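Here the structure is laid out as structure tokens; the discussion comes afterwards.
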Amino acid sequence: QVQLVESGGGLVQAGGSLRLSCAASGRTLRGLTIGWFRQAPGKERDFVGAIDWSGTSAYYAESLKGRFTISRDNAKGTVFLQMNSLKPEDTAVYFCARRMTPFTTDQSMGVMSYTDWGQGTQVTVSS
């Protein structure tokens, strides 16, 4: 079990940027595949992107490519979500989670592939 903690959320105007962080309580995330998801009120939890254990490969929801970038600190394993050109429709609670299997096993992007969900961090984008 890994206890994940998200940080970096807040209120930003449309067109602005935020960088979210995902870290583990009591251990490094090095060697783990980590995904980002987001959920707006009354809506499903949707896949944002993920990064493999080494930081070599990242995957994104098609609609977010070019605006969102996932990276990681290979020493600590901390995972970052850089969000640029934010839009009001990006408003949601953003979660990170651990993928139970590497992408070399399968490439499912659904929530059922993930566990150890953090509590989430609120991102609000105003017009």
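This is a predicted model, so every value here is computed, not measured.
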Revision key, fill the gap. Sequence neighbours excluded, the answer for side-chain hydrogen bond (donor to acceptor under 3.5 Å, both in side chains) partners of Thr124 is Gln122
Exercise for review: Please identify each residue that fulfils ring-ring contact (aromatic ring centres under 6.0 Å, His included) with Phe80, with sequence neighbours left out.
Suggested key: none
Review point. Are any of the side-chain heavy atoms of Val5 and Gln119 separated by less than 4.5 Å?
Key: no
Review point. Which residue pairs pass the ring pair (Phe, Tyr, Trp, His ring centres under 6.0 Å) test with at least one member in residues 108-127, sequence neighbours excluded?
Key: Phe37-Tyr114, Phe37-Trp117
**Study point:** Rounded distance (nearest 0.5 Å) linking atom OG1 of Thr101 with atom CD of Gln107
**Key:** 10.5 Å
Point to revise | Listed partners of Lys65 passing salt bridge (Lys or Arg N to Asp or Glu O under 4.0 Å), at least two apart | key: Glu62
Practice item. Give a yes or no on whether Glu89 atom CD has more than 12 heavy-atom contacts from other residues, nucleotides or ligands under 6.0 Å away. Key: yes
Exercise for review: Starting from Ile51, walk the hydrophobic network (Ile, Leu, Val, Met, Phe, Trp, Tyr; side-chain heavy atoms closer than 4.5 Å) and list everyone else you reach, by chain and number.
Suggested key: Val2, Leu4, Val12, Leu18, Leu20, Leu29, Leu32, Ile34, Trp36, Val48, Tyr60, Leu64, Phe68, Ile70, Val79, Leu81, Met83, Leu86, Tyr94, Val123, Val125
Exercise for review: Can you measure from CE (Met100) to CE (Met112) and round to the nearest 0.5 angstrom?
Suggested key: 6.5 Å
Point to revise | Taking every non-hydrogen atom, the tightest pair across Phe103 and Ala50 | key: CZ-CB, 3.6 Å
Exercise for review: Say whether Tyr59 and Val111 are linked into one hydrophobic cluster, either directly or through other cluster members, by side-chain heavy-atom distances under 4.5 angstrom.
Suggested key: yes
Review point. Is there a side chain to side chain contact (heavy atoms under 4.5 Å, CB included) between Ser108 and Arg99 once you walk through the steps?
Key: CA-CA 10 Å; Ser108 174; Arg99 200 174 200 273; 4.0 Å; yes
**Study point:** Between Asp52 and Thr33: side-chain donor-acceptor atoms closer than 3.5 Å
**Key:** no
Check your understanding: What pair of heavy atoms forms the shortest contact from Gly77 to Thr28, and how long is it?
Key -> N-OG1, 3.8 Å
Check your understanding: Can you name the side-chain hydrogen bond (donor to acceptor under 3.5 Å, both in side chains) partners of Gln39, sequence neighbours left out?
Key -> Arg45
Point to revise | Residues Glu6, Val93; criterion side chain to side chain contact (heavy atoms under 4.5 Å, CB included); working and verdict | key: CA-CA 10 Å; Glu6 304 93 340; Val93 177; over 6 Å; no
Practice item. With rounding to the nearest 0.5 Å, note down the distance linking CZ in Arg67 to OG in Ser17. Key: 10.0 Å
**Study point:** Value rounded to 0.5 Å, distance of OG in Ser21 from CD in Gln82
**Key:** 10.0 Å
Exercise for review: Report the distance from atom OG of Ser54 to atom CZ of Arg30, rounding to the nearest 0.5 Å.
Suggested key: 11.0 Å
